[in-house]
Visitor: 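First the structure, which I've put down as structure tokens, then a few questions once you've had a look.
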Protein chains: 4
Amino acid sequence: MAQARKSIGAQRNPASEKAILDAARDLLAEQGLAGFSIEAVARRARAGKPTIYRWWPDRTRLLLAVYAGLKDEMVHPETGTLEGDVRGFIAHLFEFWSGTPAGPVIRSVIAEAQTNAEASAAFLAFHRERNAETSARFARHGLALDKAQAIAEIAVSYAWGQLLTGRRPNDAQIARLTEILIRGVG
Amino acid sequence: MAQARKSIGAQRNPASEKAILDAARDLLAEQGLAGFSIEAVARRARAGKPTIYRWWPDRTRLLLAVYAGLKDEMVHPETGTLEGDVRGFIAHLFEFWSGTPAGPVIRSVIAEAQTNAEASAAFLAFHRERNAETSARFARHGLALDKAQAIAEIAVSYAWGQLLTGRRPNDAQIARLTEILIRGVG
Amino acid sequence: MAQARKSIGAQRNPASEKAILDAARDLLAEQGLAGFSIEAVARRARAGKPTIYRWWPDRTRLLLAVYAGLKDEMVHPETGTLEGDVRGFIAHLFEFWSGTPAGPVIRSVIAEAQTNAEASAAFLAFHRERNAETSARFARHGLALDKAQAIAEIAVSYAWGQLLTGRRPNDAQIARLTEILIRGVG
Amino acid sequence: MAQARKSIGAQRNPASEKAILDAARDLLAEQGLAGFSIEAVARRARAGKPTIYRWWPDRTRLLLAVYAGLKDEMVHPETGTLEGDVRGFIAHLFEFWSGTPAGPVIRSVIAEAQTNAEASAAFLAFHRERNAETSARFARHGLALDKAQAIAEIAVSYAWGQLLTGRRPNDAQIARLTEILIRGVG
DNA sequence: ATTTAAACGAGACGGTACGTCACGTCTTAGT
DNA sequence: ACTAAGACGTGACGTACCGTCTCGTTTAAAT
């Protein structure tokens with residue numbers, strides 16, 4: 001959490017930006033979307049509300065900025081087999097979601113997207129981008145691209161379904177899903 | 001929309017209950033969760049706020065009551081084959097969600113469930129109940145119950161994923177998903 | 001406080017009337033006008049709200065009924081001298097107001113009279129009636145009636161002023177007031 | 001009545017404060033305490049409720065603020081004689097109360113003081129302050145201070161008694177009261 | 001002896017106001 | 001020019017009480 005910061009003159013203060021994004025992310029991680037208000041972020045970041053509104057036009061855009069900040073961390077290793085990659089992809093999603101603020105943040109973005117068209121568009125765009133990467137990876141093992149896209153979509157949808165209902169599959173469930181998907185397109 | 005209703009004595013007035021639930025459902029259908037406030041429901045239903053709070057302790061519980069009111073309509077025909085039942089189940093979900101207030105209502109419930117533990121529990125319970133029915137139906141065609149449960153879960157998750165991102169699959173996509181699922185457990 | 005009472009047929013139940021008036025008086029005595037709501041009276045008297053509204057058309061009229069019930073107790077002895085009667089009258093007012101629910105009730109009636117024309121009229125009428133009695137008593141000692149009325153009015157106004165500001169004069173102050181009044185009209 | 005006002009920065013907007021106090025005072029003058037609600041004041045002043053609650057913690061404190069705003073106007077001329085000053089003081093009270101919002105405001109404060117300890121304390125404090133001034137003035141004509149205080153208290157109590165019961169004395173009645181008081185302490 | 005009619009406790013009804021919270025906008029004073 | 005601070009109007013939150021209404025029960029009075 002940030003200490004009191006003075007202005008650094010007629011230029012954007014990167015410390016403020018970071019303090020705001022950190023506060024927003026931490027609030028989402030700790031209290032979910034319910035605790036995520038501009039006022040709470042400003043209090044926690046020791047920032048003025050207009051400073052937040054200057055850079056992010058509303059609550060939704062700040063949420064999306066936090067969400068965008070997660071992307072860099074979303075990498076997972078290749079295994080060499082299709083089965084290993086699919087299983088690893090799914091398993092990694094849940095690890096990522098539970099070990100970082102990512103889970104609450106994504107839940108919040110999805111919730112926000114049900115109310116806010118901009119959040120919806122941003123989330124869908126990001127999903128498509130990610131799915132292109134994922135299916136490209138799956139296709140490296142000789143799978144047709146359309147089938148790779150299909151199982152990537154199904155896998156991610158399944159993972160969302162678990163996340164949104166507060167569940168997390170065990171290894172056996174992940175293995176079964178993987179098997180169904182690979183046999184299904186085999 | 002309801003006219004002003006008097007009390008009918010020391011008992012719940014079904015006309016008021018209906019007017020409130022109708023108003024709530026219509027607001028969700030027209031404006032989504034953002035337009036769904038107790039004040040707005042009271043105005044539209046020509047009801048007093050305390051009348052709403054008397055029967056539904058908060059916004060979430062009223063939302064869940066609207067959601068529960070959808071159950072009866074959620075039926076779809078049997079086709080005689082596993083492939084037909086799976087495909088029909090998925091197709092029916094999207095028809096149901098787009099032709100009735102059900103789509104916006106379910107989107108709202110899922111969004112609410114990300115914030116509210118009660119909504120989360122209610123949604124998960126309802127989902128499990130529905131999935132038991134669905135997988136039982138799939139199992140009538142000779143499929144093992146655990147496999148039937150798995151593909152029911154996957155199918156519903158896929159449908160939610162489409163709904164929550166504002167998409168709707170065409171018949172070919174539904175057919176492909178159906179094929180993957182059935183071959184996957186075959 | 002009353003037990004649950006049944007109807008005694010097509011006639012007013014005196015037990016209910018008493019229970020309601022007692023509850024109203026006690027609430028005024030204990031919590032003042034702030035705690036005096038029809039709902040609170042009904043709860044305390046174990047009466048239905050319509051039973052109250054059947055006999056007293058609104059909150060003000062029930063307050064006035066409690067006030068009217070005080071009249072009988074408002075008697076004080078004659079002393080044989082003008083000075084004794086004036087002093088005794090004033091002293092008696094404060095004893096009456098502090099030893100019974102009368103103080104809070106009269107404070108409440110005066111407060112209510114600032115908002116409600118009916119309460120104002122009722123209070124003024126009662127005041128005039130009382131003042132006629134008081135000044136008649138003072139006049140028995142040879143004082144002209146108009147002078148007796150004047151000092152009765154002044155004495156009561158002074159007493160109200162003390163009551164409404166939460167004060168109570170000691171004996172010396174009462175004696176001084178008495179002296180001023182009697183010498184003033186002497 | 002005020003137009004919509006913007007914030008003028010991180011400081012109190014005097015225009016809003018004035019609009020709110022004016023609206024409160026006018027509501028009291030026109031409708032008395034019954035019409036005096038925070039919601040009504042906010043509507044009339046075109047102010048937000050939180051703006052009112054930011055500066056005055058509740059209805060009572062806003063009422064007392066209106067009451068305090070009357071002080072400056074409560075001045076009356078000296079006449080050179082005790083009789084003239086006493087009579088002028090009493091007469092002035094009624095002129096002040098009938099020609100300005102002061103009458104309804106004071107009636108409201110007294111009513112509120114019967115319910116609210118804070119209002120009671122504030123009213124009593126203001127009364128004592130005023131009475132010190134008044135009795136000091138009376139004492140300039142050679143009257144002992146304790147006697148001056150006594151007749152000031154009696155005079156004000158009499159005036160309150162008239163105000164609270166919706167009466168107003170004519171000149172002869174004021175003259176008679178003055179005579180009684182002066183002869184009483186003579 | 002039976003029926004009628006009104007009073008009873010209970011509590012739901014549509015409203016209004018309460019006092020609180022967060023929204024997104026605006027201006028100040030300082031760096 | 002950018003900062004922290006915080007006031008502004010708006011509007012929803014959940015609660016209390018208003019005065020009205022109907023329910024089903026009870027019982028005295030009228031048949």
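In what follows, every chain begins at residue 1, and chains take the letters A, B, ... in the order their sequences are listed. Remember, it's a predicted structure, so these values are computed and weren't measured experimentally.
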Visitor: Just N and O in the side chain of C/Ser16: are any of them under 4.0 Å from OP1 or OP2 of E/dG9?
Guide: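 Yes, C/Ser16 has a side-chain N/O under 4.0 Å of OP1/OP2 on E/dG9.
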Visitor: What are the two closest non-hydrogen atoms of C/Gly35 and C/Ala40, and how far apart are they?
Guide: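 Result for this residue pair: O-CB, 3.7 Å.
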Visitor: Atom CD1 of D/Ile38 and atom P of E/dA17: how far apart are they, to the nearest Å?
Guide: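 Atom CD1 in D/Ile38 sits about 12 Å away from atom P in E/dA17.
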Visitor: Round to the nearest Å and state the distance from A/Glu39 atom CD to F/dA12 atom P.
Guide: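 In whole Å, F/dA12 P and A/Glu39 CD are 17 Å from each other.
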Visitor: How about C/Asp58 and C/Ile38: do any of their side-chain heavy atoms sit closer than 4.5 Å?
Guide: no
Visitor: Consider the side chain of A/Arg46, meaning its heavy atoms from C-beta on, and name the nucleotide among E/dG24, F/dC18, F/dA5 that approaches it most closely.
Guide: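 From the listed options, F/dA5 comes nearest.
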Visitor: If you look at every heavy atom in C/Tyr67 and C/Val105, which pair is closest and at what distance?
Guide: CA-CG1, 3.8 Å
Visitor: Side-chain donor-acceptor contacts of residues 15-24 of chain C below 3.5 Å, not counting sequence neighbours, with atom names and distances?
Guide:
from: C/Ser16; atom 1: OG; to: C/Arg5; atom 2: NE; distance (Å): 2.8
from: C/Glu17; atom 1: OE2; to: C/Arg12; atom 2: NH2; distance (Å): 3.2
from: C/Lys18; atom 1: NZ; to: C/Asp22; atom 2: OD2; distance (Å): 2.5
from: C/Asp22; atom 1: OD1; to: C/Arg25; atom 2: NH1; distance (Å): 3.2

Visitor: Starting the side chain at C-beta, find the nucleotide from E/dG14, E/dC23, F/dG19 nearest to C/Arg59.
Guide: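 So the side chain of C/Arg59 is nearest to F/dG19.
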Visitor: Starting at CG of A/Leu62 and ending at P of E/dA22, how long is that distance when rounded to a whole Å?
Guide: 16 Å
Visitor: Can you see if the side chain of D/Arg12 gets near the phosphate of F/dA5 - specifically, an N or O under 4.0 Å from OP1 or OP2?
Guide: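 Answer no for this pair, as no side-chain N or O of D/Arg12 is under 4.0 Å from OP1 or OP2.
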Visitor: Does D/Arg5 place a side-chain N or O at less than 4.0 Å from the phosphate oxygens OP1/OP2 of F/dG9?
Guide: yes
Visitor: If I take atom CZ in residue B/Arg43 and atom P in nucleotide F/dC13, what distance separates them, rounded to the nearest angstrom?
Guide: 9 Å
Visitor: Please list, pair by pair, any protein nitrogen or oxygen found under 3.5 Å from a nitrogen or oxygen in nucleotides 23-26 of chain F.
Guide:
from: F/dT26; atom 1: O2; to: C/Ser7; atom 2: OG; distance (Å): 3.3

Visitor: Take atom CG of C/Leu63 and atom P of F/dG19, then tell me their distance rounded to the nearest Å.
Guide: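 For the pair C/Leu63 CG and F/dG19 P, the rounded distance is 12 Å.
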Visitor: Whole-Å distance between F/dC2 C1' and A/Glu17 CD?
Guide: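 After rounding, the reported distance stands at 14 Å.
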Visitor: Measure the distance from CZ on C/Arg44 to P on E/dA10 and round it to the nearest whole Å.
Guide: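 Answer to the nearest Å: 16 Å.
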Visitor: Evaluate the side-chain proximity of D/Asn13 to D/Thr51: yes if any heavy-atom separation is below 4.5 Å, no if none is.
Guide: no
Visitor: Could you check whether any side-chain N or O of D/Gln114 sits under 3.5 Å from a backbone N or O of C/Leu164, counting only pairs where one atom can act as donor and the other as acceptor?
Guide: yes
Visitor: Using heavy atoms and a sub-4.0 Å distance, could you list which residues of residues 47-56 of chain B are near DNA chain F? By number, please.
Guide: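 By residue number: B/Lys49, B/Pro50, B/Tyr53.
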Visitor: Could you check whether C/Glu112 pairs with C/Arg61 (Lys NZ or Arg NE/NH1/NH2 to Asp/Glu carboxylate O, under 4.0 Å)?
Guide: no
Visitor: Side chains of C/Phe123 and C/Leu64: closer than 4.5 Å at any heavy-atom pair?
Guide: no
Visitor: For DNA chain F, whose closest nucleotide is more 5', that of C/Phe36 or that of B/Phe36?
Guide: B/Phe36
Visitor: Enter the distance from A/Thr115:OG1 to B/Arg107:CZ here, rounded to the nearest 0.5 Å.
Guide: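 Answer rounded to 0.5 Å: 9.0 Å.
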Visitor: CD1 of D/Ile20 versus C1' of F/dC8: gap in Å, rounded?
Guide: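 Distance check: D/Ile20 CD1 to F/dC8 C1' gives 10 Å.
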